[in-house]
Amino acid sequence: MKNITDFNGRTHRLWWVPMITGILAIFLGIWCFLSPASSLPVFAMAFAICLIAGGIFNLAYSFSNMSHSNWGWSLALGLIEIFCGGWMLTLSPEVMAAAFAYAIGIWVLIVAINAVCEAAFFSRFSGWWAVWMIILLIATIFFGFYFLSSPLFGGVAGWLWIGISLLCFGVWRISLAFQLRKINRHIKRTF
């Protein structure tokens, strides 16, 4: 754990926040596989609610790490997620289902690009972990772009791609949580 002295004792106390958002992303990815199009309005509503919840967690994470140089990314992501989730909840069910196809594709791209920045930052603590995670995130971005190229015409195949994107992102978030927990434990032992 090199360069760990750059952190203060309270940094990344909320390591469990990425764990929760990772579990939510994996849940949504599995749901894509189990019911691709039949439950689209319900899935859109659940996505909007999960988006708001994820945004609240990202805000909490950013406020608890304001002394850290990367806190602004989590703040911006949290605000975007809360705004977009709230906007989706104001739409009628028919419009929400149509907007959902684009919203989930754009959300996957935004969070994956943000995650590449986070992984690059944490590369100084564990290079092999960051390389593996950046490869996983590039795959997430690829699948997100593929889905956005024709979300409404892709049918079940499109939902397969977005499901894979959500699973890749969820695995990354859970891995990030374990890495933050490891750093946090090392900080507690050191200080």
- prompt: Would a 4.5 Å heavy-atom cut-off, applied to side chains only, mark L180 and P18 as touching?
  reply: yes

field: Separation of C168 SG from I138 CD1 (nearest 0.5 Å)
entry: 12.0 Å

Check: F178 and M19 side chains under 4.5 Å, non-hydrogen atoms: yes

Straight-line distance of L166 CG to R173 CZ, nearest 0.5 Å: 13.0 Å

message: Holding to side-chain hydrogen bond (donor to acceptor under 3.5 Å, both in side chains), I want the full list of residues that pass it with S62, two or more places apart in sequence or in another chain.
response: none

- request: Report yes or no: do I80 and L28 belong to one cluster of Ile/Leu/Val/Met/Phe/Trp/Tyr joined by side chain heavy-atom distances under 4.5 Å?
  value: no

statement: Sequence neighbours excluded, the answer for side-chain contact (heavy atoms from CB on, under 4.5 Å) partners of L91 is W87, V95, M96, A99

Side-chain touch E81/L59, heavy atoms, less than 4.5 angstrom: no

- request: Supply the atom-to-atom distance F169 CZ to T21 OG1, rounded to the nearest 0.5 angstrom.
  value: 5.5 Å

message: Please find the pair of heavy atoms, one from L51 and one from G85, that lie closest to each other, and give the distance.
response: CD2-N, 3.5 Å

- line: One should read off an interatomic distance between I20 CD1 and C50 SG, to the nearest 0.5 angstrom, of 11.5 Å

field: Sequence-distant partners of F27, ring pair (Phe, Tyr, Trp, His ring centres under 6.0 Å), two or more places apart
entry: W31

query: Roughly how far, to the nearest 0.5 Å, is CD1 of I82 from CG of L77?
result: 10.0 Å

query: How close do L89 and I52 get, heavy atom to heavy atom, and via which atoms?
result: CD1-CD1, 3.6 Å

- prompt: Do F83 and Y61 share a hydrophobic cluster, counting only Ile, Leu, Val, Met, Phe, Trp and Tyr and linking them when any side-chain heavy atoms are less than 4.5 Å apart?
  reply: no

query: Are the side chains of I26 and I174 in touch, meaning some heavy atoms are under 4.5 Å apart?
result: yes

